[in-house]
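Everything numeric in this text was worked out from a predicted model, so none of it was measured.
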Amino acid sequence: MLVPNIFLCFTEQLPLLFKVSYILIPGALYLLLLILSRKPGITFWALFPLHFIGAFQLVLLYLFGNSIIASDMFLNMFTTNSGEAFELLDKLAPAVVGVFLLYLPALALAVYSIRRTETLTPLFQKRVFMLAMLMIGSGILVYTPAHRKYPHTARLDNLYPINAFNNARFAVDSWEAAKNYPRTSRKFDYRATSTRDTELPEIYIFVIGETSRAGNWGLYGYERNTTPKLDAMPDVIHFDDVLTQINATHKSVPLMLCPADALNYNEISRQKSLISAFKQAGFHTSFLSNQLRNGSFTEFFADEADCTIYFAAPKNKPHLHDDVLLSAVDSLLNIGKTKQLIILHTYGSHFNYCERYDTDCRIFTPDHIKEIDQKNNQAMINAYDNPIVATDKFLAQVIDKLDRTGKTSAMLYLSDHGEDLLDDERNRFLHASPIPTYYQLHIPFVIWFSDNYSTLFPDDIRQARNRHTTPFDSRVVFHTLLGIGGIETEYRDDRLSLISPSFHLEKRYYVGEQNIPIPVFLPKAPEYYPAYIYTDDELKRLFDCALTYRKYRSFVNEPICIRYILMITYMLGLRISETLSLKIKDIDMDNMYVHIHCSKF
């Protein structure tokens with residue numbers, strides 16, 4: 001029962017004295033609970049919710065490396081479908097096995113305790129009670145100075161499992177707020193009108209991406225050309241420095257579609273989406289999703305549309321690929337409506353990555369992920385990059401379909417959040433971690449305008465291009481889409497519209513724990529240092545110096561080996577990991593080539 005507390009003492013940045021309280025106070029409470037019954041196995045099983053949360057906490061520590069279970073992680077239990085959950089658990093075998101080995105024997109011993117005729121004696125219960133009181137007294141004794149010195153960190157409500165249960169309670173309240181949405185938003189009214197000619201044909205498509213981070217897009221300077229089709233389109237505008245407002249789908253997508261943002265997230269339960277605004281302005285609206293219904297605000301917003309379709313995969317296939325949406329787009333483009341808004345919710349790059357693309361987009365191999373670890377990291381990156389190739393193809397097809405209509409049209413694409421891929425020494429993986437990384441926040445955002453739109457509204461496009469390098473966050477989507485559609489409403493703020501000369505966004509925020517807005521402060525880019533080119537004499541001295549290396553242990557490489565490692569790394573331009581993974585069989589002296597494993601190129 002204390003195992004999560006012990007791990008958290010190492011993973012969390014807590015004052016030393018508070019760490020002592022972190023063990024003593026919960027440990028004492030567990031002892032008191034266990035002696036409530038003369039058969040402690042009964043109490044142990046009665047505390048099963050605590051064990052479940054403890055197991056959940058340990059798996060998340062394995063996954064993210066730190067942090068208490070956030071309220072959004074509890075919400076994810078309701079909004080994540082079972083297929084996604086099993087796909088992930090299949091790759092987290094070490095954590096899952098470890099949790100089972102920890103808790104199943106304990107639960108079995110509890111059953112054994114219940115079935116035995118022996119019970120705890122009153123004397124034993126008294127002694128354990130006295131021990132628990134001593135532990136509580138000691139814990140409070142060290143807690144007091146810790147709280148005085150660190151009042152914001154060393155707090156009783158920051159003790160595990162109190163903090164975890166508080167987050168669980170908040171998650172339940174948030175879920176109830178979502179369920180009450182039809183009632184709380186009933187009276188909301190955009191009072192939206194169109195500033196455009198009612199006979200002007202307009203089609204706007206907003207594509208919502210999934211788990212795609214900007215750093216792996218060729219369009220954003222990635223070393224692999226994962227977006228060749230978009231890169232070849234001069235009319236596509238991509239925005240370099242865009243952040244999501246939260247790294248969880250069930251919140252990030254609704255925040256794109258309504259006036260609420262990270263600063264006032266709780267307003268979302270009283271607002272409707274931009275779909276209703278477009279409908280009031282005379283647009284036929286459609287919401288097509290390759291994801292399952294999950295009971296979040298996204299589902300309620302989708303149901304505002306004139307046409308709402310969720311594509312369900314057949315029983316023999318876990319998920320459909322995103323191109324299944326294209327045939328429905330063709331049908332909508334041919335229904336004869338003068339003005340249309342179409343929202344496409346894709347599956348994008350969601351884990352399990354290798355199930356998100358067809359064979360024609362399987363560019364980078366090997367892409368089969370056995371386990372989530374550094375050993376399989378290159379295969380994981382390959383599997384992650386291939387869905388981006390598929391997204392590039394999908395967006396190019398959407399643009400082509402719009403272009404063929406010859407109407408005034410535009411397409412916007414924005415991913416809901418990014419992803420961690422064991423990128424650095426923190427070994428973070430996936431998204432939705434309580435403390436997001438830059439990889440989870442930095443997302444791709446592109447806009448394409450048709451020739452007709454360019455002719456009618458050239459200033460809009462000029463303003464958008466001028467924002468190419470401007471830092472902003474996902475809250476601009478709502479206001480920009482309304483601006484592109486020429487829709488007037490009191491909820492449209494041109495200071496957040498990319499096509500408006502009034503655009504101005506000072507600070508960026510993301511939604512923190514319990515919906516508290518957290519300002520985003522990104523470090524400045526390091527100064528550029530030109531590469532140092534060694535002279536021949538310097539290289540010779542460097543390589544010769546390796547021969548003077550003194551061995552202190554028998555298993556350390558010979559000096560001549562150290563010299564060869566340096567020479568091979570330099571002459572072949574390798575990373576040190578690539579050099580150290582070389583085998584004799586990788587060097588073909590006859591044909592004069594070296595086989596490099598798991599290279600980035």
Has the side chain of Ser269 got a donor or acceptor atom that lies under 3.5 Å from a matching backbone atom of Tyr181? no
Just jot down the side chain to side chain contact (heavy atoms under 4.5 Å, CB included) partners of Phe7, sequence neighbours excluded, or say none. Val3, Leu58, Leu61
Checking Gln291 side chain against Thr346 main chain: does a donor-acceptor pair fall under 3.5 Å? yes
Please report the closest heavy-atom contact between Tyr190 and Leu274, naming both atoms and the distance. OH-N, 3.8 Å
is_close_aromatic(Tyr30, Phe44), centroid dist under 6.0 Å: no
Taking only residues two or more places apart in sequence, or in another chain, which ones meet Arg116 in a side chain to side chain contact (heavy atoms under 4.5 Å, CB included)? Tyr112, Glu118
Within the side chain of Glu299, is there an N or O that forms a donor-acceptor pair under 3.5 Å with the backbone of Gly295? yes
Donor + acceptor pair across side chains of Asp261, Gln245 (<3.5 Å): no
Distance from Ser500 atom OG to Arg495 atom CZ, nearest 0.5 Å? 10.5 Å
Would you confirm whether Lys39, through its side chain, and Thr119, through its main-chain N or O, come within 3.5 Å as a donor-acceptor pair? no
What about Tyr491 and His479, are their ring centers closer than 6.0 Å? no
Mind checking what makes ring pair (Phe, Tyr, Trp, His ring centres under 6.0 Å) contact with His238, not counting sequence neighbours? Tyr220, His468
Sub-6.0 Å ring centroid separation between Trp45 and Tyr103: no
Under 3.5 Å: donor-acceptor pair, side chain of Asn158, backbone of Thr153: yes
Counting N and O atoms only, with roles assigned by atom type, does the side chain of Ser185 sit under 3.5 Å from a partner on the main chain of Arg270, one being a donor and the other an acceptor? no
Would you please indicate if the ring centroids of Phe472 and Phe239 are separated by under 6.0 Å? yes
